[in-house]
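One-based numbering, in listed order, for ligands and for the atoms of each. Throughout, residue positions are numbered sequentially from 1 according to the sequence presented.
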Amino acid sequence: MAVRVGVLGATGAVGQRLIQLLDPHPDFEIAALTASEASAGKTYRQAAKWRVDSPIPDAVADMTVTATDPDAVPDDVDMLFSSLPSSIGADVEPGFCEAGYVVSSNSSNGRMDDDIPLVIPEVNPDHLDLLAVQRDERGWDGAMVKNPNCSTITFVPTLAALTEYGLEKVHVSTLQAVSGAGYDGVSSMEIIDNAVPYIGGEEDKLETESRKLLGEFDGAELTHNGMDVAASCNRIPTIDGHLENVWVETEEDLTADAAAEAMREYPSLDLRSSPEPLIHVFEDPDRPQPRMDRTLGDGMAIAAGGLQESPFGLQYNCLAHNTIRGAAGASVLNGELLLENGYI
Ligand SMILES: NC(=O)c1ccc[n+]([C@@H]2O[C@H](COP(=O)([O-])OP(=O)(O)OC[C@H]3O[C@@H](n4cnc5c(N)ncnc54)[C@H](OP(=O)(O)O)[C@@H]3O)[C@@H](O)[C@H]2O)c1
């Protein structure tokens with residue numbers, strides 16, 4: 001039987017992607033939709049300015065959106081996918097966990113807390129065991145799992161494929177799509193015919209979340225990876241798909257051919273939304289490109305290309321769909337992992 005789930009922040013850019021992915025999902029049934037007070041009481045069709053590339057699912061269009069409050073969500077809902085602004089998530093997500101809900105969240109609040117698992121299932125599924133520590137410390141019947149920032153998810157799987165060479169220094173420069181800022185995030189006057197070399201708070205997320213994701217969990221504590229990471233983040237006028245240029249210095253010698261093989265062979269998982277292969281490595285030096293490659297693996301694959309040796313170590317480019325692999329798909333995948341591991 002499908003697990004009854006709710007979407008917090010269901011009317012936003014990521015919330016709409018969540019609905020697009022959850023509606024046909026055989027393991028989940030959408031049973032609750034929440035948003036701000038301004039949307040509460042409206043049907044989903046009235047409340048959401050639907051902008052994703054498929055029609056609003058019939059089963060969702062006439063559902064009533066409620067306020068984002070545990071009392072407004074039916075008791076028989078077992079899991080919540082959250083795509084709230086992080087300031088709102090910080091206020092309300094803990095209340096849902098306290099009320100017994102398991103929350104798979106996109107919002108950045110709490111991602112770096114010691115007892116909150118930050119998970120990419122193909123990279124660090126064992127970090128989910130932090131939930132025992134979390135329940136112990138917080139006394140929650142529910143639980144909270146986070147997926148990383150969209151630009152972190154794009155490059156970390158490629159690094160995970162290279163860990164056996166000893167990661168020492170990583171430089172990453174991003175070219176991020178406008179959908180990453182949400183519908184009201186970047187005005188057209190700001191971004192058309194332009195590029196903005198600053199995204200507030202983003203560099204820190206890439207630098208810290210990557211070290212947590214590639215850290216080691218010993219059953220009680222998580223030790224972050226010791227590699228140095230420096231990030232530079234740019235907004236560009238693409239709609240979806242974050243492209244990143246990466247330089248990696250390793251302890252052991254690493255050739256471009258060996259890195260390409262390690263990325264190609266890096267295993268995916270047997271979860272419904274895990275793509276096969278996880279990392280698609282291009283031979284063509286001008287790929288990956290956002291418009292052409294963001295939907296690889298139904299938007300869940302990571303694309304890499306341009307691998308070459310440089311004075312600053314291995315150099316390559318990588319790409320992922322920011323609202324699918326980088327957000328909604330990432331939390332659905334975490335939901336599948338929670339289900340497989342008996343947390344639901
Ligand atoms: N976009 C991406 O690529 C991406 C990637 C990774 C992570 N994220 C994270 O995902 C979250 C959502 O991003 P987004 O791009 O979907 O934002 P968005 O388009 O602005 O949507 C925000 C959602 O939160 C709701 N909301 C706003 N204020 C609220 C309040 N006071 N109480 C309850 N609900 C409220 C909105 O409802 P109304 O419609 O009623 O205002 C809407 O449903 C953010 O934390 C973001 O950092 C986004």
Quiz question: by atom type and distance under 3.5 Å, do the side chains of [X] and [Y] form a donor-acceptor pair?
X: Thr174; Y: Asn234; answer: no
X: Glu336; Y: His25; answer: yes
X: Glu168; Y: Thr250; answer: no

Give the numbers and elements of all ligand 1 atoms closer than 4.0 Å to a heavy atom of [X].
X: Ser107; value: 45 (O)
X: Ser86; value: 45 (O)
X: Thr68; value: 33 (C), 34 (N)
X: Ala10; value: 43 (O)
X: Ile88; value: 29 (C), 30 (C), 31 (N), 32 (N), 33 (C)

Any heavy-atom pair between the side chains of [Y] and [X] that's under 4.5 Å?
X: Leu214; Y: Val123; result: yes
X: Val103; Y: Val145; result: no
X: Leu80; Y: Val102; result: no
X: Leu167; Y: Thr163; result: yes

*Thr323 touching ligand 1 at heavy-atom level, < 4.0 angstrom*: yes

*Residue-ligand contact Ser179/ligand 1, heavy atom below 4.0 Å*: yes

Indicate yes or no: does [X] engage [Y] in a salt bridge with an N to O separation below 4.0 Å.
X: Arg325; Y: Glu122; value: yes
X: Glu283; Y: Arg264; value: yes
X: Glu29; Y: Arg4; value: yes

Of the choices [options], which has the non-hydrogen atom that lies closest to [atom]?
atom: atom 23 (C) of ligand 1; options: Ser83, Ala13, Ser331; value: Ser83
atom: atom 35 (C) of ligand 1; options: Gly12, Gly15, Ser36; value: Ser36
atom: atom 11 (C) of ligand 1; options: Leu84, Thr34, Asn322; value: Leu84

Considering only the protein, which heavy-atom contact is closest to [atom], and what is its distance?
atom: atom 8 (N) of ligand 1; answer: Val14 CG2, 4.2 Å
atom: atom 6 (C) of ligand 1; answer: Gly326 O, 3.4 Å
atom: atom 36 (C) of ligand 1; answer: Thr11 OG1, 3.8 Å
atom: atom 10 (O) of ligand 1; answer: Asn106 CB, 3.7 Å
atom: atom 22 (C) of ligand 1; answer: Pro85 CD, 3.9 Å
atom: atom 17 (O) of ligand 1; answer: Gly182 CA, 4.3 Å

Would a 4.0 Å cut-off, counted as strictly less than, catch a protein heavy atom around [atom]?
atom: atom 38 (P) of ligand 1; answer: yes
atom: atom 46 (C) of ligand 1; answer: no
atom: atom 20 (O) of ligand 1; answer: no

*asked:* As a test of understanding, state which of Ser82, Ser108, Ser104, Ser105 forms a side chain to side chain contact (heavy atoms under 4.5 Å, CB included) with Lys146.
replied: Ser105

_Region of Ala67 engaging ligand 1 - heavy atom pairs below 4.0 Å_ = neither

*Quick one: look at Ala47 and ligand 1, take heavy-atom pairs under 4.0 Å, and tell me if it's side chain, backbone, both or neither.*
neither

*Relative to Tyr198, does Arg235 satisfy both conditions: NZ or CZ under 6.0 angstrom from the six-membered ring centre, and within 45 degrees of the ring's axis?*
no

